[in-house]
Amino acid sequence: METKVVRSEAIESISDRLSALEDLYFPRALQSTTITPSQRKAILLDLLSRDAAVFLERYGSKLTSEELLEFDALTDDYEVSWHVKHLRSLLSPTSDELKSRAVQVKNRRRAYLNKLIFDGQYFLEDSMREREPYLHHEYVGKFQDPSGRSMARPGERWSDTLLRRSEEAILVAKIRGEQQRLGVAESDWVGGERIQEVEEQEEEEEEEEEEEEEEEEESNEANGGTQSSEMLVDPPNVASGDETADHLDAPNVAQATTAGQSEQATVSAEELQDLMDQFTYIMHEKFLLGEDHEYLDYSKIDNDETLDDHWQREANHDAEEKYFDDIIDEDETLDDHRQREVNHDAEEKYFDED
C-alpha cells in the first residue's frame, strides 16, 4: 500500500514562507536555535515531514487556503483530517459556523469583562474617564467639582501635582474640543478661567515658599549658631500672615467656582450614583462591542479558549439553578393538586351528610 505524503515542493515552499515570520511559535527547548530564518526553516521542514498533525496544530492558522489543500492527501489520518476541517471552517465558514463563532466570541468577551471587573482597575472611574473624557463629562463630570482634580492634595509632592495637572489639562482639552465640534455654547465649556486662576495662584505660592526656604537655609549656613537661629524666628511669622490670607483665598476661589457650577446643575448623591452606574454600563457595552481596540487586543480575547471554561461554569450554574427551580415548581404543583383533592373530598362528605 502506497504511503500518502505532502508534495516535497509544497513542504519546501510552506516552510520557506513561514520561516520568514518573526512571531512564529517554537517550543522553549528550541527557541535558542530559531534566531535566523534558515534555522527556523530547518525545524519546520523536519516537523512537517515527520508529524503533519502536530505541524497543523502549531502552524495551521498561518496557512493559506491553497497551502491547506496540500494536506488533503493525508486526510485518511484522523488527526490530520480533523485539523484540516477545523482550519478550513475558519478560512471559509458556513452560515451556521459564523453564527456559532459569533456566540463564542460574545461569550468570551463577556467572560473577559467579568475578569476586568473583578480585577478592579480597567473600570475605575478615573480609568474610564481617561478613555472617554467627554462621555464621562456628560454623564458625571459636569456635576462634579472640577477644582478638586487640579488642586494640590495633602502629602502630594509638587512634581506629582504638576504631572497630574498636565494630564488633567489634556483631558479637559479633549472634552472642550468635542464640545466645540458639537457646537456647545462657549459659556458651557469645561475648564473655566477661575480654575486656572486657582492653579496659577497655588503655583506662585509654592514658588514663594521654596524661595523662602532657600533663603532660610542660606542664612543659617552663613550665620550659624543660636543667635542666627533666633533671628530667623520672626520673619517667617511676619510673612505667614500674608501667606495665610493667600491660602484662604484659594479655597474661596474654588468655592466660587463650585457655586457657579451648582447654579447650572445640581444633583443629589443618589442621582449622581445612578448617573455613574449608567456611564459604567455604557463602558461595559462599548467593550463588548469591540470599541476598546485602542486599549485591548481583541484577537487574543476572541481566540482565548481558556475563557470558555469560565462561560461553561456559568452555564452549568444556570442549569443547576433551573433544575432545582423546576423541582420546586413540580412540588408546589403536586401540593396544590393534593390540596384540591382534599377540598373536593371534604365537599362531597359535607353534601352526603345532608
Side-chain angles (χ1 to χ4, degrees), residues 1-31 33-34 36-113 115 287-293 296-316:
M1 180 178 178
E2 183 180 357
T3 303
K4 296 181 178 180
V5 295
V6 179
R7 294 184 306 112
S8 58
E9 297 84 355
I11 293 177
E12 180 73 21
S13 63
I14 291 173
S15 300
D16 186 61
R17 187 181 69 81
L18 294 183
S19 65
L21 303 178
E22 295 294 337
D23 60 343
L24 208 60
Y25 165 80
F26 286 98
R28 186 181 297 274
L30 299 176
Q31 288 179 1
T33 60
T34 59
T36 65
S38 59
Q39 291 175 323
R40 294 195 288 269
K41 182 178 179 180
I43 294 173
L44 292 170
L45 281 170
D46 175 68
L47 180 60
L48 181 50
S49 303
R50 180 170 44 84
D51 196 334
V54 174
F55 181 89
L56 289 172
E57 180 181 359
R58 291 183 186 173
Y59 310 113
S61 61
K62 306 289 184 180
L63 300 178
T64 65
S65 56
E66 290 77 13
E67 290 171 336
L68 197 59
L69 286 172
E70 299 292 339
F71 291 86
D72 285 345
L74 306 178
T75 50
D76 289 341
D77 183 300
Y78 174 79
E79 289 187 64
V80 173
S81 177
W82 186 90
H83 284 297
V84 168
K85 289 179 180 178
H86 174 67
L87 293 169
R88 199 159 275 157
S89 70
L90 296 178
L91 290 171
S92 303
T94 63
S95 59
D96 290 339
E97 289 170 341
L98 285 174
K99 292 179 181 178
S100 176
R101 172 62 177 169
V103 171
Q104 185 182 62
V105 167
K106 180 181 178 181
N107 291 343
R108 288 176 179 177
R109 290 186 183 181
R110 177 68 65 178
Y112 198 79
L113 171 67
K115 180 177 181 297
F287 162 76
L288 293 174
L289 293 173
E291 296 181 14
D292 283 1
H293 53 83
L296 297 168
D297 187 349
Y298 278 96
S299 63
K300 290 183 178 180
I301 298 172
D302 296 346
N303 294 303
D304 187 355
E305 296 180 358
T306 62
L307 295 173
D308 296 337
D309 297 335
H310 171 90
W311 194 254
Q312 187 61 46
R313 287 194 299 270
E314 292 289 327
N316 291 340

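Counting from 1, the numbers follow the sequence of the chain as shown. All figures in this text were calculated on a predicted structure; none of them were measured in a lab.
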Is any side-chain heavy atom of E57 less than 4.5 Å from a side-chain heavy atom of D51? no
Answer yes or no: is there a side-chain heavy-atom contact under 4.5 Å between R109 and D302? yes
Non-hydrogen side-chain atoms of F287 and L296 separated by less than 4.5 Å: yes
Verify the distance criterion only: is there a donor paired with an acceptor across the side chains of R101 and Q104 at less than 3.5 Å? yes
Donor-acceptor pairs under 3.5 angstrom involving side-chain atoms of residues 40-49: please list them, not counting sequence neighbours.
residue, atom, partner, partner atom, Å
R40, NE, S19, O, 2.8
R40, NH1, T34, O, 3.1
R40, NH1, I35, O, 3.1
R40, NH2, S19, O, 3.0
K41, NZ, E12, OE2, 2.5
D46, OD2, R50, NE, 3.3
D46, OD2, R50, NH2, 3.2
S49, OG, L45, O, 2.8

Which of D308, D304, D309 passes salt bridge (Lys or Arg N to Asp or Glu O under 4.0 Å) with R108? Answer is D308
Quick one: are P27 and R58 in side-chain contact, heavy atoms under 4.5 Å? yes
Please check: side-chain N/O of Q31 versus main-chain N/O of F26, any donor-acceptor pairing under 3.5 Å? yes
Kindly give the heavy-atom pair with the smallest separation between R17 and L63, and that separation in Å. NH2-CA, 3.8 Å
Below 4.5 Å, heavy atoms only, C-beta onward: do L307 and N107 meet side chain to side chain? no
Using a 6.0 Å cut-off, check whether atom CD of E9 has over 12 heavy atoms from anything other than its own residue. yes
What are the two closest non-hydrogen atoms of L87 and S61, and how far apart are they? CD2-N, 3.8 Å
Yes or no on side chain to side chain contact (heavy atoms under 4.5 Å, CB included) for L91 and T64, after CA distance, side-chain angles and deciding distance? CA-CA 8 Å; L91 290 171; T64 65; over 6 Å; no
For residues 77-86, which side-chain donor-acceptor pairs fall under 3.5 Å, sequence neighbours excluded?
residue, atom, partner, partner atom, Å
D77, OD1, E79, N, 2.9
D77, OD1, V80, N, 3.2

Residues passing the side-chain contact (heavy atoms from CB on, under 4.5 Å) test with S8, sequence neighbours excluded, are none
S13 to A10 - nearest heavy-atom pair and separation: OG-O, 3.1 Å
K62 and D23: CA distance, side-chain angles, deciding distance, side chain to side chain contact (heavy atoms under 4.5 Å, CB included) verdict: CA-CA 11 Å; K62 306 289 184 180; D23 60 343; 3.8 Å; yes
According to ring-ring contact (aromatic ring centres under 6.0 Å, His included), who are the partners of F55, at least two apart in sequence or on a separate chain? Y59
If the condition is ring-ring contact (aromatic ring centres under 6.0 Å, His included), which residues does Y112 pass it with, not counting sequence neighbours? none
Would you please name every residue forming a side-chain hydrogen bond (donor to acceptor under 3.5 Å, both in side chains) with S92, sequence neighbours left out? none
What is the minimum heavy-atom distance between R110 and L288, and which atoms define it? NH2-CD1, 3.2 Å
